[in-house]
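Each remark here refers to the structure printed beneath this line.
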Amino acid sequence: MQLIKIDPRALKENPDRTRQTKSTPQADALLLATIKAVGIVQPPVITSETSGGNGYVINAGHRRVKQAIAAGLEEIDVLVEEAANDNGAMRSMIENIAREALNPVDQWRAIERLVALGWTEEAIGVALALPVRQIRKLRLLANVLPAMLDHMAKGDMPNEQQLRTIAAASLDEQKEVWKKHKPSKADPQVSWWSVAQALQKTRMYARHASFGDELAQAYGIHWVEDLFAPADEDSRYTTDVEAFLGAQQEWMANNLPKKGIIAETTNYGDVKLPAKAERVHGKPAKSDCTAVYLDRDGRVQTVHYRMPAAKKPKGQNGSGSDNAPDDVGEVSQPRPDVTRKGAEMIGDYRTDALREALGRAPIEDDTLMALLVLAFAGQNVSVTTGSGGTYYGHSRLAKSAAALFDADGKLSFDMDTLRVAARTMLTNVFSCRENATNSGIVARIAGQAIGADAHLPNLGTEEFLSCLSRTALEASCKETPVLPRQRVKDTRAALVEHFKEGHFVHPSALFAADATKLSEWLSSGSAAPDDEDEADEDVDGAGDERADGDADAEAFREAAE
C-alpha cells in the first residue's frame with residue numbers, strides 16, 4: 001500500500017461498492033464544508049483496474065472523491081492497494097460497518113480537545129458545518145457530573161429537556177441525586193426523568209422582567225442562556241426566584257401610577273382588589289384606580305378598578321362646600337336607557353333571531369365556514385388545546401377569527417385567508433392526547449378523513465417499542481426479515497436496527513376509529529337531546545318538542561338547498 005497524489009476526476013467508481021443507497025443532501029453538504037475547511041482527513045482507498053485498463057478504481061471513499069471534485073481540489077491524497085480477488089467487496093463492507101457516528105459525549109470531548117488546542121467555537125462550527133449555538137450546546141456537557149457522562153457514553157442518554165435540566169444544576173446537587181438514581185446490576189438503565197425531576201428548579205425568564213440591568217445587578221441576578229430553547233427568542237433565565245421577585249416588586253414601587261396600588265394574588269393567581277372595588281374591563285376613566293401585581297410567572301400585570309361613590313353625611317344639604325372632593329359624585333345615578341332585565345330580554349330575542357336566521361336564511365359556503373370559525377372564538381366557548389392550557393374565545397382562539405375582518409370591523413376575506421383561519425382553528429381545537437385535552441373519537445375521525453396517518457413519525461424506536469408487550473412486539477416482526485428472539489430486549493433491539501432507516505407505524509397508532517366505539521358514539525349522538533332547554537321542559541310537551549325539532553331539521557335542509 002502506498003500514498004500518492006492524484007486528480008480526483010481521473011478516478012473511476014466501483015460498480016460493486018457496498019454502499020448503494022444515496023446519501024442525504026444534508027450529509028453531502030456537511031462533508032463538502034468539512035473538506036473545504038480542513039481537507040480530506042482520511043485518504044480514499046483505490047486499486048488498479050483489473051479489466052485491462054491503466055486507470056484506478058475507487059475501493060473506499062466515493063463520497064469523499066465526489067465532494068473533493070465539488071470543492072474544486074486539483075489533487076488529493078489516496079492510498080493505492082493491491083486488487084483483491086473479490087474486487088474489494090469485503091474490505092468495503094468491513095469499513096462501512098465499522099464506521100459509526102460519535103455519540104454526543106465523544107463529540108463534546110473532541111470539541112473540548114480542539115478548544116484546548118486553540119480552536120475557537122466559530123472556527124469549529126465552520127469546520128464541522130454546525131451552528132455555533134450547537135457547539136455551545138454540546139459544551140454544556142462540561143457541567144455534567146463525570147460519572148453521569150461515563151454512563152451517557154455507553155449509549156444511555158437523557159432527552160434534550162432532561163439534559164438541559166441536569167446541566168443547569170450544580171455539580172454538588174448532581175452528585176447527591178446521582179447517589180440515589182445511579183444504575184445497578186439489577187437495573188442498568190438510569191431513570192433520567194427521575195434525575196431531572198430531582199434537579200428541576202423554577203426558572204424566571206428575562207423576557208418577563210420589567211426591571212433593567214441596574215436592578216438586576218443590585219439584586220445579584222445573573223442571567224443564564226438556555227441554549228436548548230429556540231434561537232429566535234430571549235431564553236435567558238435565573239433560578240434565583242427570590243431575587244427576581246424582589247426586583248420586580250421594587251420596579252413596581254418605583255413606577256406605581258397615580259391612584260395605583262400594589263396588589264396581592266390568591267392561591268389561584270387572581271388579583272385581590274380592595275373591598276367593594278369594581279373591576280373595569282373596558283377603557284378606564286381618569287377617576288379609576290390601578291392595581292399592579294405579579295402573576296404566577298413573575299410578570300407584572302395591570303388591572304383597573306373603581307370604588308363606589310362616597311355617600312353624603314346625614315343632614316348635609318345639596319349646596320355643599322366648595323372644598324368637597326371631586327370624586328364624591330351624586331347619590332342617585334340617572335336611570336340607564338335600558339334596565340338589566342331589558343338587556344336580558346334583548347339577549348333572548350337576539351339569540352332566537354340568530355338561530356332562526358341560521359336555520360332558514362340562505363348562507364354561502366364561504367360565509368358558513370367563516371361563521372364556524374367565529375363560533376369557536378365566542379366568549380362562551382373554552383377549549384383545552386393539545387399544547388396545554390385552557391384558551392377562551394377572547395384570547396388565543398380569537399386570533400384565527402380576527403384575520404377574517406377588515407379595517408372597518410366587517411367580515412371581509414378571500415378563500416385563501418378563510419382556509420388558513422379554518423386550519424388554524426381546527427389545529428387549536430383537535431387533540432388526541434391522553435389527558436384533559438383529548439377531543440375523543442372526533443379527532444380520530446378527522447385524522448382519518450384528511451390522511452393524517454401519513455404524517456405519523458417512525459415508531460420503530462427504542463422508546464416506543466419498549467411500550468409493547470412480547471406478543472405485540474413479535475407481531476411487529478411480520479413482513480420484516482427480523483425473527484423473534486428468546487429475550488424481548490433482543491427482539492426490540494433488532495427491530496430498532498431494522499427500522500432505523502425505514503418507517504414503522506404500529507396499527508394501534510393509526511387514526512381509524514374502532515367500529516364498535518364509533519357505532520356507540522353515533523347512537524349516543526342521535527339519542528342526545530337537541531339542547532339543554534329540552535331537558536328542563538315538562539314531560540307533557542315532549543311530543544310537541546320533537547315535532548318542532550323535526551321541522552327545524554327540514555328547514556335546515558331547505559335553507560342549504
Side-chain angles (χ1 to χ4, degrees), residues 22-42 63-64 66-68 70-71 99-171 174 190 192-193 195-196 199-201 203 205-207 222-239 457-458 461-463 496 500-501:
K22 292 184 178 181
S23 56
T24 63
Q26 294 82 359
D28 290 342
L30 173 60
L31 181 58
L32 177 60
T34 304
I35 291 176
K36 287 182 177 180
V38 297
I40 297 179
V41 178
Q42 182 176 349
R63 291 181 59 236
R64 281 169 276 171
K66 181 179 178 180
Q67 298 307 320
R99 290 185 181 275
E100 182 180 1
L102 292 175
N103 64 43
V105 177
D106 289 337
Q107 291 182 34
W108 163 70
R109 288 171 174 164
I111 289 173
E112 290 300 306
R113 185 161 56 251
L114 292 174
V115 172
L117 293 174
W119 285 69
T120 64
E121 293 178 345
E122 290 75 11
I124 296 173
V126 171
L128 300 181
L130 292 175
V132 178
R133 187 180 181 87
Q134 179 66 20
I135 301 298
R136 292 174 180 171
K137 187 188 297 185
L138 287 171
R139 295 195 70 191
L140 271 181
L141 291 173
N143 300 329
V144 178
L145 189 71
M148 290 189 189
L149 279 178
D150 293 338
H151 185 79
M152 293 178 189
K154 298 177 182 178
D156 186 8
M157 288 287 298
N159 60 35
E160 190 174 279
Q161 178 68 32
Q162 294 164 349
L163 182 59
R164 181 195 332 188
T165 303
I166 294 171
S170 65
L171 290 178
Q174 295 182 42
V190 176
W192 292 113
W193 180 88
V195 174
L199 295 173
Q200 183 71 45
K201 291 183 178 179
R203 294 183 175 187
Y205 289 92
R207 60 178 180 267
H222 300 283
W223 300 116
V224 179
E225 184 178 3
D226 185 356
L227 297 176
F228 292 90
D232 58 348
E233 69 177 27
D234 185 1
S235 60
R236 295 175 300 152
Y237 70 92
T238 180
T239 56
N458 178 26
T461 61
E462 177 71 22
E463 183 179 8
V496 171
K500 182 182 296 183
E501 302 296 335

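Take K66 and apply the side-chain contact (heavy atoms from CB on, under 4.5 Å) test, not counting sequence neighbours, and it matches no residue. When the side-chain contact (heavy atoms from CB on, under 4.5 Å) test is applied to T34, the partners found at least two apart in sequence or on another chain are L30, V38. For E501, there are no side-chain contact (heavy atoms from CB on, under 4.5 Å) partners at least two apart in sequence or on another chain. Remark: D28 engages R63 in a salt bridge (charged side-chain N to carboxylate O under 4.0 Å, His left out) (not counting sequence neighbours). Residues satisfying the side-chain contact (heavy atoms from CB on, under 4.5 Å) criterion with Q200, sequence neighbours excluded, are T165.
R133 contributes atom CZ, which lies 12.5 Å from atom CG of L138 (distance to the nearest 0.5 angstrom). With rounding to the nearest 0.5 Å, the separation of CG in D150 from CG in L145 is 9.0 Å.
Of all heavy-atom pairs between S235 and R207, the closest is CA-NH1, 4.1 Å. Scanning both residues, W223 and R236, for their nearest heavy atoms gives CD1-NH1, 3.5 Å. The two residues A169 and Q174 have their closest heavy-atom pair at O-NE2, 3.0 Å. The minimum heavy-atom distance linking M148 with I166 is given by the pair SD-CG2, 3.8 Å. Counting all heavy atoms, side chain and backbone alike, I35 lies closest to A68 at CD1-N, 4.0 Å. Closest approach of Q162 to W192, counting heavy atoms only: OE1-CB, 3.3 Å.
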For residues 119-132, please give each side-chain donor-acceptor pair under 3.5 Å, one per line with the distance, not counting sequence neighbours.
residue : atom : partner : partner atom : Å
T120    : OG1  : A123    : N            : 3.1
E121    : OE1  : R136    : NE           : 2.9
E121    : OE2  : R139    : NH1          : 2.9

Checking M152 against V144 for the side chain to side chain contact (heavy atoms under 4.5 Å, CB included) test, could you report, in this order, the C-alpha distance in whole Å, the side-chain angles of both residues, the deciding distance, and whether it holds? CA-CA 10 Å; M152 293 178 189; V144 178; 3.9 Å; yes
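At least one donor-acceptor pair closer than 3.5 Å links the side chain of D156 to the backbone N or O of V190.
Dense packing is recorded around CD of E233, with more than 12 heavy atoms of other residues, nucleotides or ligands lying under 6.0 Å away.
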